Amino acid sequence: MPDPDSIHDALPHNTSGSGHICPHRQQPGLRPWQLLQRGMLRLNTQGMPLNTLLRTVLQQIEQILPQWRGTILLRDSCGHLQLAAGPPLPGTSLRHLAGLTLCQTVNGGDMPAQLARSAPYRKLAARFEPDTGWLVPLAGSAGAVHGVLAIRQRTPSAPVPQAISPLENSAHLLALLLENHAIHHQLEHRSQWYRAILQNTADGLSVIDMHGRFLEASDSLCRMLGYRQDELRRMYLWQVMPGSTPQSIRQRLAITGEDGETFESVNRTKHGRLLEVEIHTRRLILDSRPVVWSSTHDISQRKALQRILEQQATIDTLTGLFNRPTLLARLEMQLQLARMQHAPLSVLLLDLDHFKQVNDRYGHHAGDLVLAALGDTLEEVLRESDVAGRVGGEEFCLLLPGQGLHEALDLAERIIDDISELRIQSGHHILAITSSIGVACLQAGDDCRTLLARTSRALHAAKAAGRHRIVVLGADPP
């Protein structure tokens, strides 16, 4: 069973004299939250029970914010909030919250950064007494809310943006894991039902001779691959396993033992569709000759869900570009490669001009349309080797490996022109925007911090000079 302390072991420990970090005086950096989220994914992948995972997540949040206490309430089948992990809420809060029904909630595009600005949750927060705190919705895919994360402390305080943002990200990831658990639970119940009907027959059974030819195949395997029984029995294993050869298949069959082995592979159906499968094989003696018995299970849905979870942890869902933690990790990797290969590396920092006015005048939905359009524009102009990410509200960072100053300026000019030509329709309004770009190239002695700082100063200089322009900064003066 996974170790519940494995998230804890990955987090830095506070060694200050007080042993506490006050969220109003000293906000933790992003690193502990990143480690928490990675640990959540790892423990979920390792199969930690849901109730243990919820308790472990609360323990680690309370280590990051020592003066605060957390409780997780999950929505039951009737839509009511029920205590799932953490201490019961004091006073009348538990009675109020447990009786509330979560119906259609605020969607991801309308959800504000601070929950106090959202009417449905402001109503909940008003009942959140006698303690003081805030409620973070466990919002998963398609805006579905599966519960709330209640954070509270005894002394009065207001939500702190530096803590709310990573809390919301962690809550979103936790909601996705809840959805993952529910899907697996449904699949398990469905699998048990089918097993009872089929008397424990596997998804796809086959018997293969040592030359790789199908001797027998179950109806379930035929349905999975789209072949009739007589068709499959005239075929060889390499005909349904793309990338394999007769020699590689026969070599693998020859080393298959009586104890068997389990591995993941890909099967091609009769109609050309690729299936991700898990295969268990074992060598048997049938009619005095060696054969290989094989059980094939379609894991395409499970693998697709795993990719979605991995993507959600690295991608900014609004723009489709990398999120800030992933972008910074890619920058560190590209910087190391540039040093090893003695190759140039350029960084562009882009900011939309007067973006706040778009939100104030036309609403946040219009702002989201602008950001999504910008993400599409950047993906169209960048090379496959380039990296783009959203690092702030309307601030974007582009990494150009192998590109020097001349190439970086050419790309920056194209981007700034393409953005100025964008016309985004929001309701009855047509929106036009401009941008400012700061450019810096890797210099001797640079690390990620100094390179980004120089790029940021170039961006500020572009904005101070009137916006809608490009500014380049070279190496810092000695």
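Predicted model only: the values in this text are computed from it and were never measured.
Pairs engaging residues 239-249 under the side-chain hydrogen bond (donor to acceptor under 3.5 Å, both in side chains) rule: T245-S248 [sequence neighbours left out]. For the side-chain hydrogen bond (donor to acceptor under 3.5 Å, both in side chains) condition, the pairs that include at least one residue of residues 390-400, sequence neighbours left out, are D316-R390. For residues 419-458, the ring pair (Phe, Tyr, Trp, His ring centres under 6.0 Å) pairs, not counting sequence neighbours, are Y362-H429. Counting only residues at least two apart or in different chains, salt bridge (charged side-chain N to carboxylate O under 4.0 Å, His left out) contacts with residues 369-380 are absent. The salt bridge (charged side-chain N to carboxylate O under 4.0 Å, His left out) analysis of residues 416-429, with sequence neighbours excluded, yields the pairs R414-D418. Residue pairs satisfying the salt bridge (charged side-chain N to carboxylate O under 4.0 Å, His left out) criterion with at least one member in residues 328-346, sequence neighbours excluded, are absent.
In this structure, L398 CG and L378 CG are separated by 5.5 Å, a value rounded to the nearest 0.5 Å. Note that the CD atom of Q334 and the SG atom of C448 stand 10.5 Å from one another [nearest 0.5 Å]. Interatomic distance, M235 CE to L237 CG, rounded to the nearest 0.5 Å: 9.5 Å. Note that OG1 of T326 is 11.5 Å distant from CG of L321, once rounded to the nearest 0.5 Å. To the nearest 0.5 angstrom, H297 atom NE2 is 8.0 Å from M224 atom CE. Going from atom CG of L442 over to atom CG of D447 covers 10.0 Å, rounded to the nearest 0.5 Å.
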I'd like to know whether E407 forms a side-chain contact (heavy atoms from CB on, under 4.5 Å) with L400, so could you lay out the CA-CA distance, the side-chain angles of the two residues, the decisive distance to 0.1 Å, and finally the verdict.
CA-CA 9 Å; E407 294 87 357; L400 311 178; over 6 Å; no
Using the rule given for side-chain contact (heavy atoms from CB on, under 4.5 Å), can you reason through S170 versus V57, listing the C-alpha separation, both sets of side-chain angles and the distance that settles it, and then say yes or no?
CA-CA 9 Å; S170 300; V57 170; over 6 Å; no
Assess whether side-chain contact (heavy atoms from CB on, under 4.5 Å) is satisfied between L350 and I419, documenting all intermediate values.
CA-CA 11 Å; L350 182 151; I419 292 175; 3.7 Å; yes
Please test L369 against L431 for side-chain contact (heavy atoms from CB on, under 4.5 Å), starting from the C-alpha separation and ending with a verdict.
CA-CA 10 Å; L369 291 176; L431 309 180; 6.0 Å; no
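Residues meeting the side chain to side chain donor-acceptor pair (under 3.5 Å) test with E261, sequence neighbours left out: none. Every residue was checked against the side chain to side chain donor-acceptor pair (under 3.5 Å) condition with Q357, not counting sequence neighbours, and none meets it. With sequence neighbours excluded, the residues that form a side-chain contact (heavy atoms from CB on, under 4.5 Å) with T262 are E278, H280. Considering only residues two or more places apart in sequence or on other chains, S300 meets the side chain to side chain donor-acceptor pair (under 3.5 Å) condition with D298. Residues passing the side-chain contact (heavy atoms from CB on, under 4.5 Å) test with L50, sequence neighbours excluded: L54, L178, H181. For E231, the side-chain contact (heavy atoms from CB on, under 4.5 Å) partners at least two apart in sequence or on another chain are Y227, R228, R234, K270.
Listed here is the closest heavy atom pair of S420 and H468: CB-CE1, 3.9 Å. For the residue pair A461 and V471, the shortest heavy atom distance occurs at CB-CG1, 3.9 Å. The two residues C397 and V347 make their nearest non-hydrogen contact at SG-CG1, 3.7 Å. In terms of heavy-atom proximity, L374 sits nearest to L352 at CD2-CD2, 3.8 Å. Residues L473 and A458 come closest through the heavy atom pair CD1-N, 3.4 Å. Among all heavy-atom pairs drawn from V391 and R324, the shortest one is O-NH1, 3.1 Å.
Put simply, the side chain of T269 reaches to within 4.5 Å of the side chain of L275, judged on heavy atoms. L411 is not listed as a side-chain neighbour of Q403, based on a closest heavy-atom distance of 4.5 Å or more. Counting heavy atoms from C-beta on, the side chains of L149 and I61 come closer than 4.5 Å. Taking 4.5 Å as the limit, some side-chain heavy atom of F355 sits within range of a side-chain heavy atom of V370. Contact of the R38 side chain with the L35 side chain is registered, since non-hydrogen atoms from C-beta on lie closer than 4.5 Å. Contact annotation: the side chain of L138 approaches that of L74 to within less than 4.5 Å [non-hydrogen atoms, C-beta and beyond]. Annotation: side chain of V387 is not in contact with side chain of L382 (no heavy-atom distance under 4.5 Å). The shortest side-chain heavy-atom distance between R454 and L451 falls under the 4.5 Å cut-off.
Donor-acceptor pairing under 3.5 Å is lacking for the side chains of H364 and D368. Side chain to side chain, S436 and D351 fail the donor-acceptor criterion of an N or O pair below 3.5 Å.
A donor-acceptor pair under 3.5 Å is absent between the side-chain atoms of E384 and the main chain of D386, judged by distance alone. Between the side chain of R457 and the backbone N or O of T455 there is no donor-acceptor pair closer than 3.5 Å. Checking side-chain atoms of E62 against main-chain N and O of G70 turns up a donor-acceptor pair under 3.5 Å. Listed for the S456 side chain is no donor-acceptor partner under 3.5 Å among the backbone atoms of L452. At least one donor-acceptor pair under 3.5 Å links the side chain of D353 to the backbone N or O of S435.
When the shell of 6.0 Å around CZ of R383 is examined, it contains more than 12 heavy atoms from other residues, nucleotides or ligands.
Among V277, V240, L225, the one residue that satisfies the side chain to side chain contact (heavy atoms under 4.5 Å, CB included) test with T296 is V277.
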